[in-house]
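This report concerns only the one structure given below.
All values reported here derive from a predicted model rather than from experimental measurement.
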Amino acid sequence: MAEAKSPSGLSKVLNAAWVRPFLFLVVIVVAWDLSIRLFHIPAYQIPSPGDVVSVLISDWPELLRQSWPTTYATICGFLLSALFGIPVAMLIAGSKTVESYVYPLLVFSQSVPKIAIAPLFVVWFGFGIIPKVISAFLLGFFPVVVSAVQGFKSVDPDMVDLARAMQGSRFKVFCAVNLPHAMPAIFSGLKVSVTLAVVGAVVGEFVGSNSGIGYVMQRSIGTFDLPTMFAALVILALLGVILFWIVDRIERLVIPWHVSQRDDISFAS
């Protein structure tokens, strides 16, 4: 019986999780550059990739310095969304009365554009970091609640009844059955939340700020400095990817059994 051939080194590299998105990104950048050359798009409309890379290299210290307030507001808003979102989801999933009062209001709140209410935060809290944190919190809060509610509601009632029949207290049953079963859904919401928190922080900086990547973008728009604006967008994209990756690493540490099953399914497909 012939042994299955082991994958070659090139095949392993091509199957790595980061290679395919990187190759697709290269294709997008090449298409971007070719479009500018073929259609003669002026630089004041769309800058070339070379101009954006040049700004990233020359202005990297300044962009890095401006990224710190955005990162700080994003992380604080994300942590608040997790800190408040998961307990609210527990209350909604555990009580029909709470769900009937709170859940419709949460859905209604998402129809209000955050850019419309962000100026109120500046009026109430000034031009400091607090309005940016609140904006990041508001955008990241809803995905955590929705995902966590679905996770807690998807727990098999028979498993809960079995744990209670074994003389388990309400807290012990929650820690042993409800919470582990809901963790995959909770982390799915956290991954969405951390990327939306970046958007929320930038929205807060657009409204009123003298620092941060949002401030850099607003200043660049006013002076039609599109290469700097695109460079700021690259920084924001990198920030979102890094924070998403950190949450994914934490998920692998907290619920390794679920991640291994997910990876096996992805590899098989």
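Remark: Leu79 CG to Phe84 CZ distance equals 11.5 Å, nearest 0.5 Å. Here CZ of Phe244 is found 13.5 Å from CG of Leu239. Values are rounded to the nearest 0.5 Å. With rounding to the nearest 0.5 angstrom, the OG1 atom of Thr195 is 12.5 Å from the CG atom of Leu236. With values rounded to the nearest 0.5 angstrom, Gln45 atom CD is found 11.0 Å from Phe224 atom CZ. Of the inter-residue distances, the one linking Ile255 atom CD1 with Phe187 atom CZ reads 5.5 Å to the nearest 0.5 angstrom. In this structure, the separation between CZ on Phe137 and CG on Leu83 is 9.0 Å, given to the nearest 0.5 Å.
Inter-residue side-chain proximity for Val133 and Leu80 is flagged as met; some heavy-atom pair is nearer than 4.5 Å. In this structure, Leu243 and Phe78 have side chains that are not in contact, with every pair of non-hydrogen atoms separated by 4.5 Å or more. Within the 4.5 Å cutoff, side-chain heavy atoms of Leu190 are placed close to those of Val144. You'll find the side chain of Trp32 reaches within 4.5 Å of the side chain of Ile46, heavy atoms only. Residues Met229 and Asp225 have side chains not in contact (no heavy-atom distance under 4.5 Å, counting atoms from C-beta outward). Phe142 has its side chain out of reach of Leu196: every pair of non-hydrogen atoms, C-beta onward, lies at least 4.5 Å apart. Inter-residue side-chain proximity for Gln66 and Ile235 is flagged as unmet; no heavy-atom pair is nearer than 4.5 Å. The closest side-chain heavy-atom distance from Asp33 to Val29 is not below 4.5 Å.
Linking ILVMFWY side-chain heavy atoms closer than 4.5 Å, directly or via other members, places Leu139 and Leu105 in two distinct hydrophobic clusters. Neither Phe24 nor Leu34 shares a network with the other; the hydrophobic side chains, linked directly or stepwise wherever heavy atoms of I, L, V, M, F, W or Y lie under 4.5 Å apart, form separate groups for each. The same ILVMFWY cluster, assembled from side-chain heavy atoms under 4.5 Å apart, contains both Leu238 and Leu56. By the criterion of side-chain heavy atoms lying less than 4.5 angstrom apart, applied directly or through intervening Ile, Leu, Val, Met, Phe, Trp or Tyr residues, Tyr72 is grouped together with Leu138 in one hydrophobic cluster. By the rule that hydrophobic residues join a cluster once side-chain heavy atoms approach within less than 4.5 Å of another member, Val98 and Val107 end up as members of one cluster.
Between the side chain of Ser54 and the backbone N or O of Asp51, no donor-acceptor pair lies under 3.5 Å. Remark: the backbone N or O of Ile213 is paired with a side-chain donor or acceptor of Thr70 at under 3.5 angstrom. Side chain of Ser193 to main chain of Gly189: no donor-acceptor pair is present (N/O by atom type, distance under 3.5 Å, no hydrogens or angles).
Of all heavy-atom pairs spanning Ser147 and Ala185, the tightest one is CB-O, 3.1 Å. The two residues Ser35 and Ile41 come nearest to each other via the heavy atoms O-CD1, 4.0 Å. Contact between Gly214 and Val202 at its shortest, heavy atoms only, is CA-CG1, 4.0 Å. Minimum heavy-atom separation, Val216 to Ala232: CG1-CB, 4.3 Å. In terms of heavy-atom proximity, His181 sits nearest to Gly151 at CD2-O, 4.0 Å. The minimum heavy-atom distance linking Ala231 with Leu63 is given by the pair CB-CD1, 4.1 Å.
The number of heavy-atom neighbours closer than 6.0 Å to CZ of Phe206, taken from other residues, nucleotides and ligands shown, is above 12.
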- Using the side chain to side chain contact (heavy atoms under 4.5 Å, CB included) rule, take Trp124 and Ile130 through it: C-alpha gap first, then chi angles, then the decisive distance, then the call. CA-CA 10 Å; Trp124 294 338; Ile130 294 179; over 6 Å; no
